[in-house]
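Input: a single structure, listed below in structure tokens.
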Amino acid sequence: MKTLNNLKDYQNVINGNVIPSASGEKMDCYDPATGKVWATIPSSNVEDVEATVTAARTAFPSWAALTATERANYLRRIGDSIAQYGDELAEIETKDNGWVIREMKYGIIPEITKMWYDAAAAAIKVGSKGQTEQIGPNTLGFTLREPVGVVVGIIPWNSTLWTFTVKAAAALAGGNTVIIKPSELASVASLRYGEIIQNILPPGVLNVISGTGAEVGDALVRHPGVNKVSLTGSGRTAKAIAQSTADNPKPMVFELGGKSPNIVFEDADLAKAANGVTVNGIFTGNAGQLCCGGSRILIQRSVFDKMIELMKEEIATHIQFGDTLDSQTSFGPVANEMQFKKICSYIESGQQEGGQVIVGGRYGGPNLLPGQEKFAEGYWIEPTLLKVNSNNLQVCQEEIFGPVAVVIPFDTEEEALAIANDTTFGLGAGVWTSDLNRAHRMIRSIESGNVWVNTYRIVGTELPFGGQKSSGFGTDSVLEFTREKTCYIHID
Ligand code: NAD
């Protein structure tokens, strides 16, 4: 598809300057609702990477030397600024990856604002706190908590403002300087956000550079001037980064994919569970493109048919397709053409494997928004439930990352637990029950970084959010972006 005239060009943010790539090369950005180009971003290369790392390294000593209170004051000012720019940022992310404006404005923007204030508090509470121990009669031991240095945050195309904030706020609070590398498939919100933030911070403290993962991402993670990498993305990219840094290892946070079970027991409040496993559990979070989306719905057989009816009602009542910029719309397209094709092929292969479509299953603008020419080439997929009888199918084991969930019946608690843990992933899990003992048994036994009971998907950045198994390790927290140095002093 050709670039249209009069597109807004967004730029890199390097050393306090808002600038194009060194080569002047650009990439097109597509609005997934329409499938049309709506903006351009810099296609950066290793020359831009050098300039960015130099900027972050140069800015580091002064930023690290600030007191935690001084850093916290900057972070609070960033939080304050979102009141002014929140609507603009929400609209940009909606055009960038299709996340409907209603969820952006009333969900994500307030959440990221709070994250800056929380990070400011954490800077003071934990950012510089070490330990003290008397080691024998003549030795005092203590630790200094120090910043790590230059932190690179590599982010995916889903949930860009949220992921940018969770990494940047924690790393800056810890006294580090930061480089954000957004996905080449959705960079605009990050570039504009960086531009707004750099007006508040000293030059070089926060930088944003767009480009491909293979060129810019790889050059950043290999760079000797980079001290820590935090990736939110796929297992495939985590493996590539681990391999390319094998000769020069550096600490990593890996926030990767999931195939999260959302389990409904017969003693649950079924009406609440029906919403919690469909609308809230997977479908309204960026059209199911959320790492912790409950993409495997497990239902006890005694309430299976009743639950299916309730789930259908919830979806029919709450899912409203339409213009992503209209605040009535609750469900948007998937984020890009590549993801659209991947999800559609899982809907087809899931049926070939024996799955039965019990809700949805259709895709394409003309099918879902008939007569609305504007959306004919958009990446629209209906919320889809596939009933399956075994967890062994490919659609049950591989991350689809879209509005598609499998529904699996089970008989006993033991069976539910076995199915829940029968996955290489371990990011999230939901348990719907009125039995407190059962809830606690499940919390202890599920192999997952996060467990929700009688709710789903709520995340408080006051607490860690991380994965187990192939869902990754580490968390984006202030402590994670600092390190302790141990000191001993002899006293005569
Ligand atoms: P991706 O791995 O393809 O890309 C993520 C980022 O890595 C992009 O910025 C990309 O340019 C960069 N990258 C690619 N190759 C690289 C390389 N060799 N070196 C350095 N950087 C490189 O992921 P995606 O398709 O953008 O995002 C979807 C994935 O992200 C899903 O698996 C999803 O589950 C996961 N995700 C996880 C979380 C979480 O918190 N656990 C949150 C959101 C998304």
Side-chain angles (χ1 to χ4, degrees), residues 1-14 17-45 48 52 82 84-101 103-105 108-109 112 153-165 179-199 206-213 215-217 286-287 289 323-326 329 332-340 365 374-380:
M1 193 169 293
K2 292 235 167 12
T3 304
L4 305 175
N5 292 328
N6 303 320
L7 294 174
K8 173 110 172 98
D9 287 331
Y10 288 85
Q11 310 295 6
N12 286 332
V13 179
I14 303 175
N17 301 309
V18 180
I19 48 175
S21 63
S23 68
E25 294 288 314
K26 300 176 193 175
M27 291 185 276
D28 290 337
C29 309
Y30 295 86
D31 177 346
T34 61
K36 302 273 192 306
V37 179
W38 74 280
T40 69
I41 52 169
S43 178
S44 309
N45 61 25
D48 302 290
T52 313
I82 296 177
Q84 187 182 348
Y85 296 104
D87 284 358
E88 180 194 351
L89 289 169
E91 195 168 311
I92 291 176
E93 179 148 354
T94 294
K95 284 189 186 154
D96 222 10
N97 68 8
W99 195 323
V100 293
I101 196 77
E103 288 185 19
M104 287 304 307
K105 269 194 187 171
I108 299 296
I109 296 297
I112 63 172
I154 301 185
I155 65 179
W157 43 257
N158 74 309
S159 202
T160 66
L161 290 173
W162 196 95
T163 314
F164 180 130
T165 311
I179 299 169
I180 295 290
K181 206 303 271 171
S183 165
E184 53 271 47
L185 296 172
S187 292
V188 182
S190 298
L191 292 168
R192 179 67 184 124
Y193 196 25
E195 189 179 339
I196 292 163
I197 293 171
Q198 66 86 33
N199 283 326
L206 179 105
N207 309 275
V208 187
I209 173 173
S210 66
T212 64
E215 186 170 10
V216 171
N286 204 187
Q289 299 157 111
D323 191 336
T324 46
L325 292 169
D326 181 338
T329 302
V334 299
N336 54 64
E337 188 180 15
M338 186 186 68
Q339 194 61 14
F340 175 76
K374 186 178 165 191
F375 302 120
E377 289 177 48
Y379 312 130
W380 300 92

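Side chains included, hydrogens not; waters and symmetry mates left out as well; all remaining heavy atoms used.
No side-chain heavy atom of Q289 sits under 4.5 Å from any side-chain heavy atom of W99. R192 is listed as a side-chain neighbour of Y10, based on a closest heavy-atom distance under 4.5 Å. Side-chain contact between K374 and D323 is present, with heavy atoms from C-beta onward closer than 4.5 Å. In this structure, W38 and K36 have side chains that are not in contact, with every pair of non-hydrogen atoms separated by 4.5 Å or more. Here the side chains of N286 and W162 are not in contact, with every heavy-atom distance at 4.5 Å or above. Under the 4.5 Å side-chain criterion, counting only non-hydrogen atoms from C-beta, E103 is not in contact with I108.
Side-chain atoms of E93 and N97 form a donor-acceptor pair, as typed in the model, at a separation below 3.5 Å. For the 3.5 Å distance criterion, the side chains of T160 and D96 fail to qualify, holding no donor opposite an acceptor.
A donor-acceptor pair is defined here as one N or O able to donate and one able to accept, closer than 3.5 Å; no such pair exists between the side chain of Q339 and the backbone of N336. Judged purely by atom type and a 3.5 angstrom limit, K181 uses its side chain to pair as donor or acceptor with the backbone of G211.
Between E195 and V13, the shortest heavy-atom distance links the atoms N-CG2, 3.6 Å. Considering every non-hydrogen atom in both S159 and T163, the closest pair reads O-OG1, 2.6 Å. The two residues E184 and T212 have their closest heavy-atom pair at OE2-CA, 3.5 Å. Taking all atoms of both residues into account, the shortest heavy-atom contact from I14 to V208 is CG1-O, 4.5 Å. Considering all non-hydrogen atoms of both residues, P333 and T324 come closest at CD-CG2, 3.3 Å. Between S210 and N12, the closest heavy-atom pair is N-OD1, 2.9 Å.
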- Item | Step-by-step side-chain contact (heavy atoms from CB on, under 4.5 Å) determination, I92 to Y85 | CA-CA 11 Å; I92 291 176; Y85 296 104; over 6 Å; no

- Message: Would I109 and L89 count as a side-chain contact (heavy atoms from CB on, under 4.5 Å) here? Give the steps.
- Response: CA-CA 8 Å; I109 296 297; L89 289 169; 4.3 Å; yes

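Q11 meets the side-chain contact (heavy atoms from CB on, under 4.5 Å) test with D9, V18, P20, P42; sequence neighbours excluded.
Ring geometry for W380 versus F375: interplanar angle over 60°, hence perpendicular rather than tilted (30 to 60°).
Atom CG of D48 sits about 5.5 Å away from atom OG of S21, to the nearest 0.5 Å. Taking CG of L7 as the reference point, atom NZ of K26 lies at 8.5 Å (rounded to 0.5 Å). Going from atom CD1 of I112 over to atom CE of M104 covers 6.5 Å, rounded to the nearest 0.5 Å. To the nearest 0.5 Å, the span separating CD1 on I197 from CG on N207 amounts to 11.0 Å.
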